Amino acid sequence: SPQQKDTAAHGGTSEATPAKGTDAPIDSLTLALPSSISTLDVSREAGILNYTVAALVQESLLSISPTGRLEPGLAEKWDQLDARTYVYTLRRGAVFSDGAPVTTDDVLASIEAARDTTSGLAYAWANVASVRATGEREVTITLSSPDAAFSWTPTPGTLLISSKAFLAKHKGKVGTSQTLLLGSGPYKVTSFAADDGVQLERNDAWWGRKPALRSLKLSFIPDAGTRLVAMKSGSIDGALDLPADEAGSWTSAAEVTYTSDRSVVSLAFDTSRAPFDDPHVRKAFAYAADRPGMVAGILHGKADVATSLVSPEMWGDLLPAADTESAYAALTPYPFGLDAAKAELAESAHKDGFTVELTYPNSGPQLGTAALALAGSLKSLGITLKVKEVTLEQWIADLVPGRKPLQFLWYFPVTGDPAELTNPYLQSSATATNLAHYRNTAVDRALAAATTATGTAERGRFLLDAVKAAAADLPYLPLWWAQTATALSKDVVLEQPGPFALVGPWAARIRRTA
Amino acid sequence: MTPPRSPGPGPANRPAPQRPWHVRLGAALPLRYVLRRLAGTAGLLAVLSAAVFALLRVAPGDPARTLLGTRSATPQALAAVRADHHLDDPVAEQYGRWLADALHGRLGTSIRTGQDVTAVLGDRLALSAQLVLLGFAVAVALGLPLGVLAGLRARRPADRAVQSLAVVTLSTPVFAGGLVLIYVFSLMLGWLPAYGPGSGGGGDRLLHLVLPAATLGLSVTAVLVKLTRAAVVRELAREHVTFALARGIPTRRVLIRYVLRGTVVPVSTGIGLVLAYLLAGTVMVEQVFALPGLGQLLVGSVTFKDVPVVQAEALLIAALVCLANLTTDLVHPLADPRLRTAAATAPADRDKGQA
Amino acid sequence: MTPRTPFRARRIPGVLTFVCGSLALILGVAAVAGQWILPHWDRQNLLTGAAMPGGGHPLGTDELGRDIAQMVVAGARSTLSGAAVVAVGSMLVGNVLGVTAGYLGGLTDMFVRRWADLLLALPALLVTIVVAGIGGGGYALAVAVLVVLTSPGDVRLVRAAVLEQRHRAYVEAAETLGLSRTTVMVRHIWPNVLPVVVANTLLNFAGSVVALSSLSFLGLGVPPGAPDWGRMLSENRTLLYDNPSAALAPAVAIIVSAVVLNLLGDRLFEAFSDRRS
Amino acid sequence: MYVPARGPGGPTTPGTLLEVTGLRVVADGALSGPEVVLDGVDLRVAPGECIGVVGESGSGKSLAVRAVVGLLPDGTRTDGGSVRLRDQEILDLPPAARQARRGRGVALLMQNPFTMLHPQLTCGSQIADGLRPGAPGGPAVSGRRVRRAAERAEVARRLAEVGLAPETADRYPHELSGGMRQRVAVAAALAGDPDLLIADEPTTALDAANQRAVLGLLRRLQAGRGMGLVLITHDLRVAFSACDRVYVLYAGAVLEQGSPAELESDPRHPYTAGLLAAEPSVHERLPRLPAIAGSVPAPGRRPDGCPFADRCPHAAPVCATPGVLLRPLPHVPAPAAEGHQRLSACVRLAEIADRPGALKGGAPLPAAGPAKAAPADGAPAPVSGDPAVRTAAAPVPALLLEGVYRTFRSGAVRQAAARGVSLTVPQGRVTALVGESGSGKTTLARIAVGLETFDEGRVEVGGVALAPGRRPGHGERVRLAGQAQIVFQDPYSSLPPLRTVEATMREALAAAGQIRGASRRERAEWTRDRIGELLTQTGLPAGCATRRPAALSGGERQRVAVARALAVRPRLLVCDEVVSALDVSVQAQLLNLLTDLQRAEGFAVLFITHDLGVARQIADEVAVMYRGELVEQGAAADVLDRPRHAWTRRMLAALPPAAVGRPGPAIGPLGPGEQPLQ
Ligand SMILES: Nc1ncnc2c1ncn2[C@@H]1O[C@H](COP(=O)(O)OP(=O)(O)OP(=O)(O)O)[C@@H](O)[C@H]1O
Ligand SMILES: Nc1ncnc2c1ncn2[C@@H]1O[C@H](COP(=O)(O)OP(=O)(O)OP(=O)(O)O)[C@@H](O)[C@H]1O
Ligand SMILES: [Mg+2]
Ligand SMILES: [Mg+2]
Ligand code: NI
């Protein structure tokens with residue numbers, strides 16, 4: 001379909017029919033989430049699911065449109081005064097669900113909380129020199145050094161605004177079942193039980209278009225079979241974030257839509273250590289990984305074979321689709337072939353193979369299956385891949401450079417900017433995140449240039465250069481760019497289900513089917 | 001030959017008056033016995049609590065790191081945790097403090113959510129308790145009658161049928177059984193909800209718990225059936241049953257008063273054991289039916305290595321197990337007078353079988 | 001004065017026992033030699049993915065395109081061997097402790113009995129989940145914990161059987177002949193206890209199959225990808241529409257093997273109690 | 001095969017309470033198909049009459065009465081015949097109707113007072129359960145409270161009837177002694193006021209004093225109520241002392257019937273005569289007990305025709321042909337009353353009865369002959385040296401106990417089993433230890449072989465001193481083993497069930513370190529020979545060696561146990577009630593065997609028994625225990641004929657009067673020309 005032309009061009013991404021709904025009120029819905037959430041506070045839990053909840057309750061200064069453009073949020077207007085200074089003007093009349101108006105103090109307190117050392121969002125704010133209220137409704141943020149990517153920072157992925165009083169009162173305990181969340185979004189949380197679900201009610205004081213849905217229950221049903229049965233027996237009205245392998249079974253009971261979620265699944269090799277310091281070994285892995293097979297078999301075609309960490313949708317704001325398309329097409333493809341893999345390995349210093357461990361998070365069974373598939377291929381090369389399941393939390397805790405020679409990198413960008421992936425993972429100076437210990441001066445230079453670039457297209461080209469240069473070295477072996485499946489019962493629709501839909505107030509766009 | 005004497009009521013054989021109930025209860029359940037059992041239970045609990053406390057040490061690595069969970073283990077953070085949990089004190093002292101805290105309901109905070117553990121458990125206790133009670137009811141309501149039936153019809157078709165059923169339920173893992181019930185009663189027939197605890201309490205909750213409770217109950221029914229059957233078969237073979245029948249006591253009365261009476265002790269022991277199985281079963285059932293109860297919490301906490309929550313829950317389960325044990329121990333002497341007279345004096349003119 | 005010639009109850013139709021025996025044999029062969037007979041059980045074909053039965057795959061394939069039938073056969077080893085280790089291990093522990101406690105009596109007996117009572121009251125599966133989960137030892141630790149938790153049942157059984165034999169005249173006669181305690185225990189008492197022990201070991205075996213597959217189902221048992229029935233069931237549950245047999249086959253395998261073992265154990269107990277009555 | 005004298009359902013004598021004709025019971029064996037256990041049994045009981053059914057173990061006494069009550073054990077069923085109760089055929093009645101007749105029509109009292117009452121119900125309530133509705137205190141009276149009170153009063157009355165205090169109502173069975181329990185059971189059985197009471201060995205489990213009391217009680221109640229009583233027992237003396245008429249049952253068939261006096265003085269069947277002869281007497285010691293050879297055949301292995309034929313000294317080919325048929329005696333005048341028929345099933349009665357002394361009691365044993373050094377069947381002479389030399393060389397007593405104390409405690413209960421016992425068992429002599437149940441006999445025996453500890457005192461076994469307060473260590477036990485060995489009461493548990501006799505014997509020989517020979521083969525050969533020798537010595541067929549205990553009869557098992565004990569060549573053999581679980585016929589064989597062996601080998605014997613007749617028969621000396629104390633010891637004749645201690649006197653007095661003064665009937669030797677069957 002025309003709107004989706006850019007993504008369709010990369011093949012495979014199934015289109016979401018431009019669904020339209022009526023304004024008829026919907027009293028209540030129950031939707032399933034595939035795993036439980038232990039806290040609603042996104043700065044505490046490292047998973048991705050609580051964003052889905054928090055994005056309904058809290059807003060940021062800016063918001064991201066379903067297609068990935070920056071849009072007004074609590075700030076109705078924003079300006080970049082110079083390379084290091086950003087000014088945001090707050091919307092009039094925005095109030096928290098407890099009735100208090102949103103003030104600059106609340107914004108400052110929320111940013112402060114995000115910058116706190118204990119916060120999981122602090123990384124995004126590391127480059128910020130100061131945050132000040134420069135007017136009754138004006139907040140000015142100054143950076144230590146120019147960073148073009150900062151414009152994405154005050155969006156829901158890295159900043160969620162709550163009231164100063166609330167944050168002070170519940171310091172360290174925000175998001176538990178007793179304290180819940182306070183925000184200015186279209187919904188407010190009325191109850192939350194870890195392992196059970198979240199109950200949300202419409203916040204009628206929200207400034208945006210009035211949602212049709214009054215009451216929403218998000219139920220945590222980790223068990224795939226139970227989830228499906230729940231849908232079939234009518235206990236739930238749909239499910240979010242369905243794993244691809246399940247989604248097929250749902251088509252008879254619900255309307256399933258697939259959208260790219262921009263996430264990438266990739267292997268990260270530690271290039272500073274044996275055996276992966278040897279490019280032949282990395283290439284052998286690349287040839288041994290049956291990526292089309294994984295996409296077809298494990299993900300049922302609901303994904304795209306990845307050639308780079310950055311998914312094509314991420315360039316939407318920066319470069320014309322045709323440019324990225326041709327650049328990606330020129331990358332070495334590493335088609336699946338065990339002979340090629342064997343040949344590569346034979347050239348390496350590890351001809352006889354070796355043993356290496358690969359852990360995957362329990363919330364990503366498809367990663368586990370892919371790992372097993374890879375292990376199956378590697379076995380014929382004499383490489384033993386030990387696959388191990390760990391909790392999501394454990395997996396994230398281990399996601400530190402140097403911890404393991406081989407790791408999964410499973411990343412959901414929360415912004416629409418390629419730099420969110422390139423800077424932490426390809427830059428040699430990003431020691432805390434560069435899982436591959438990747439060091440390439442050309443890449444570093446291109447990334448530095450992109451940071452200070454002023455024009456979007458110029459910046460885009462620098463970033464693309466970096467991506468291309470890195471791809472040749474294969475520090476990461478991208479496996480696939482994933483899609484998310486949303487199943488909804490046939491009488492409701494989610495309007496504008498773009499790749500960024502779930503980072504915004506998605507439930508506000510649920511309508512009754514026309 | 002002694003000449004026949006007609007028995008007549010003389011002064012010697014006036015019936016002794018029935019003793020009042022509290023005297024009889026005192027005789028049936030001697031205080032000393034009760035106190036000894038209580039002491040035994042306390043000892044058991046002490047041992048179990050020590051084992052539970054040791055869980056923190058079972059986790060590989062430094063306990064402080066364990067308690068930090070996935071938070072970054074900076075030296076400051078580690079020091080803070082050490083100070084918080086007095087990890088540098090002697091182990092005995094730590095245990096004492098932990099136990100004292102536990103007895104006061106202070107069970108620490110969850111590593112995963114940072115919530116107070118007592119509150120976390122409290123949220124889930126009700127649901128799990130309802131589940132276990134209903135499951136228990138199902139197991140008892142099915143297991144005892146079927147067991148008695150099988151025992152009475154031992155080695156006949158009815159017995160074989162009951163036993164085969166029992167073997168199948170015993171051999172079916174709870175998760176598989178749960179899935180089958182879901183498919184039949186929720187999907188095919190659409191009679192019952194398939195998942196979740198239902199909203200609010202009362203009827204909806206009950207409706208939601210029917211399938212889980214049935215799954216749970218069925219999984220332990222076989223144990224009860226086997227035990228009851230064996231007890232009934234054993235009792236039926238006893239001479240006193242034959243004697244009762246030979247005296248013309250109506251069959252039904254013999255069954256209830258003589259046969260079933262004799263099965264009380266083994267069956268009540270079995271019921272005590274079943275409680276342990278039920279507690280274990282909740283883990284699987286809650287997983288399959290997406291019930292936010294203690295079992296699910298346990299699995300979640302275990303995979304997360306959320307030690308304080310696991311400890312608290314283990315302690316709770318230990319207490320329940322001890323309580324069940326104590327109950328059966330106290331029921332036994334009520335049911336079987338022979339267990340009461342450990343301390344009573346033996347009759348002087350005793351004689352034994354010579355045959 | 002009623003000595004009885006042993007009275008044999010009517011024989012239960014041997015057909016069922018025969019069927020159970022044959023099935024047990026098949027399961028045993030699958031467990032021991034399954035992975036040799038079918039060395040390609042782990043051959044993948046991602047492009048096929050999960051497929052319904054047909055085309056050389058009598059039970060279809062799983063997500064990785066592996067043949068379910070071969071997987072089930074290969075899975076017998078992991079599932080049954082773990083359970084067998086539990087059953088045999090607990091039998092060994094139970095026999096050593098039970099015979100010693102029953103024969104020696106006194107303090108040894110008291111300690112062993114207390115210990116058995118304590119462990120017997122605990123919900124085995126829960127303790128295994130907690131200890132194996134927190135201890136992080138995976139399958140091996142789970143099996144070890146199950147051995148410890150299953151053994152008190154054997155201890156009790158053996159101890160009771162030994163106590164029953166302990167004061168039999170033939171045991172005391174052996175003692176008066178001047179035989180050593182070990183000889184009396186091993187050569188005289190133990191063989192008479194053996195039939196109950198074997199029967200109980202079969203029942204424990206069945207119980208452990210169920211318990212271990214429950215652990216695998218929860219993801220606490222064997223590592224992912226390994227052919228194990230519990231694991232297969234939990235991994236393939238989502239394939240119910242792509243290939244139901246991927247989930248049903250391991251479930252059936254678990255249930256059938258547990259039923260077979262349970263029935264054989266029951267039969268043996270029955271035969272034994274017939275012999276004694 | 002049974003040939004009914006009268007067809008079932010034929011006319012019955014008026015006034016008969018119970019009439020059993022041609023009752024057949026079969027057991028559905030596992031492999032061999034149905035086996036006939038009872039083959040045409042006739043019994044008759046008139047109101048107010050007491051009949052006795054006697055017979056050795058396994059003869060079918062219990063099954064016969066169970067069939068009458070309709071409570072046959074699983075695996076057995078009636079297969080023909082008729083049972084009429086007050087002129088009504090009850091075998092055809094539906095189960096419910098039969099159940100309704102139990103308690104009121106007929107009630108069954110069983111053997112073991114320790115298992116007959118429900119342990120978890122008070123005695124009173126068990127009696128009350130059987131009270132009839134409508135009877136005073138029965139459940140029909142209205143009003144709970146009133147009914148309860150009435151019931152309690154009635155229970156108290158019933159208890160008084162059997163001589164128990166009203167408080168007994170609130171006691172549980174385990175709080176009572178065996179005798180009291182048996183009384184409670186009697187009261188319970190009589191609660192429904194039955195017309196007929198069947199008592200299946202009601203006194204077997206009791207000691208002599210209680211036995212007599214309970215028998216007296218039963219008789220008294222029967223007479224007072226005018227009810228019928230069937231008394232089942234394996235003890236002829238008991239039956240003769242208590243019954244009006246006695247049936248002798250053997251291998252599922254009635255062999256003889258008559259009044260006690262007739263049966264005792266003039267047995268008319270070789271079996272009855274044999275039984276009477278085999279019964280040891282307290283009053284005189286016979287050189288050899290006239291034992292019946294062989295043992296009671298199991299249901300599947302009975303010979304055709306007369307079941308006793310293959311054990312009968314008078315058997316002839318004719319015995320194998322016809323079925324068992326009770327018929328009136330040829331030379332006895334017509335019965336005085338219809339109920340007092342004198343019947344015998346011996347087909348050869350006419351031929352043998354006339355031979356003087358053949359079946360009559362009176363003549364003291366002519367044929368058994370003087371005791372020989374070896375068993376009659378000519379076993380090789382004992383290998384060991386002259387017994388006289390051994391005795392002379394060792395002046396130390398075989399067993400010496402001095403001031404031995406042993407107290408058991410379980411919880412707060414202390415039970416003194418031995419209180420300062422001093423006992424000497426001289427070398428080469430037989431000492432019997434008698435005493436009531438629980439007096440500490442077994443405890444002493446076990447102390448002597450090191451199976452039991454003692455608290456204080458001195459114990460020396462053939463010079464090996466045992467230390468008080470602990471069990472002997474391994475070395476001590478080995479030394480002790482050469483001095484003393486023990487044989488136990490229960491033949492069914494005395495041998496390792498899974499081993500062949502040979503293996504058991506080999507182990508005994510090896511344990512004693514007795515196996516001789518240089519090479520393996522030599523040793524194996526030596527062992528085999530020695531085992532064969534021992535088995536022959538104990539009168540066992542050679543084929544026994546390869547069998548397991550389950551394939552042996554009780555008597556054979558006891559013989560193996562004796563052989564095992566003797567394999568070690570002990571100087572002292574302790575026998576703890578070795579014959580009390582055996583039938584009289586087998587008991588006599590074993591007593592003879594022991595006497596023979598003792599004389600041949602010259603070891604000392606400590607023989608424990610509660611049966612004074614047995615003691616008389618075997619012992620040179622008798623020691624009497626009473627409540628843990630040794631109250632009397634001396635030569636057998638002294639103690640038994642001139643008892644000094646009150647207990648000994650009481651026990652002698654408690655013997656059933658019928659046995660007193662009986663001169664000991666015997667079956668004569670085979671006449672010339674008579675061939676035993678086979
Ligand atoms: N339930 C049974 N099934 C098969 N055979 C049985 C059963 N009960 C008894 N018998 C057999 O029937 C025969 C008679 O048994 P019964 O108990 O009547 O003997 P008894 O004369 O009462 O002996 P005892 O003096 O030992 O009580 C025995 O050979 C016994 O083995
Ligand atoms: N192991 C034991 N524990 C406790 N009490 C015992 C034990 N053995 C024997 N007694 C008690 O010691 C007393 C003597 O018992 P013992 O067996 O020696 O008597 P007995 O004369 O052999 O009796 P019986 O004729 O019944 O065999 C009895 O009161 C018995 O209850
Ligand atoms: Mg009997
Ligand atoms: Mg004794
Ligand atoms: Ni108990």
Side-chain angles (χ1 to χ4, degrees), chain B residues 1-10 12-19 24 27 154-155 235-251 253-254 257-259 261-262 264-265 334-355, chain D residues 69 71 99-104 107-108 110-112 114-121 129-130 148 152-153 155-157 159-161 165-167 169-170 172 174-180 185 188-189 191-192 204-207 210 216 219-220 223-224 411-413 415 436-438 580-581 610:
Chain B
M1 217 82 330
T2 335
R5 261 191 331 204
S6 69
N13 52 33
R14 193 170 305 121
Q18 184 103 28
R19 290 169 297 171
R24 277 183 288 157
R155 293 172 186 223
E235 285 303 310
L236 274 180
R238 297 232 193 265
E239 210 151 63
H240 59 69
V241 172
T242 318
F243 184 47
L245 286 173
R247 270 143 63 204
I249 301 175
T251 315
R253 198 172 163 81
V254 171
R257 245 172 96 78
Y258 289 75
V259 177
R261 179 73 196 242
V264 169
V265 168
L334 286 181
D336 191 342
R338 282 169 300 180
L339 301 173
R340 297 171 203 166
T341 37
T345 44
D349 66 327
R350 50 173 305 287
D351 35 22
K352 289 186 305 186
Q354 290 177 339
Chain D
V69 192
L71 292 173
Q99 178 64 26
R101 307 193 136 254
R102 278 178 219 133
R104 198 184 318 190
L108 175 67
M110 287 183 296
Q111 167 177 350
N112 194 341
F114 295 86
T115 56
M116 212 185 341
L117 294 173
H118 198 294
Q120 294 165 18
L121 297 174
D129 275 340
R148 276 251 171 131
R152 284 186 70 78
V155 166
R157 203 177 66 78
L159 283 170
E161 193 180 357
E167 292 80 44
D170 287 330
Y172 289 95
H174 72 276
E175 298 170 331
L176 306 178
S177 73
M180 286 161 84
T204 310
L206 304 176
D207 63 21
N210 270 316
R219 236 8 257 258
R220 201 171 69 232
V413 194
Q415 177 81 39
E436 66 176 349
S437 183
S580 56
H610 61 270

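Predicted model only: the values in this text are computed from it and were never measured. A note on names: the letters A, B, ... follow the listed sequences, proteins ahead of strands, and every chain is numbered from 1.
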Novice: Can you name the side-chain contact (heavy atoms from CB on, under 4.5 Å) partners of D/Ala169, sequence neighbours left out?
Specialist: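 Applying side-chain contact (heavy atoms from CB on, under 4.5 Å) to D/Ala169 gives D/Val155, D/Leu159.
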Novice: For chain B, which candidate among D/Gly192, D/Ala189, D/Ala100 shows the most heavy-atom pairs at distances under 4.5 Å?
Specialist: D/Ala189
Novice: With sequence neighbours excluded, what pairs up with B/Tyr258 under the ring-ring contact (aromatic ring centres under 6.0 Å, His included) test?
Specialist: D/His118
Novice: Just verifying a value: how many Å separate D/Leu121 CG and D/Asp129 CG, rounded to the nearest 0.5 Å?
Specialist: 7.0 Å
Novice: Checking heavy atoms, do the side chain of D/Ala191, its backbone, both or neither come under 4.5 Å from chain B?
Specialist: neither
Novice: D/Glu161 side chain to D/Ala156 main-chain N or O, any donor-acceptor pair under 3.5 Å?
Specialist: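 No, the answer is negative, given that no donor and acceptor are paired below the 3.5 Å cut-off.
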Novice: In terms of heavy-atom pairs under 4.5 Å with chain D, which of B/Arg253, B/Arg257, B/Arg238 leads?
Specialist: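 Among B/Arg253, B/Arg257, B/Arg238, the one with the most close pairs to chain D is B/Arg257.
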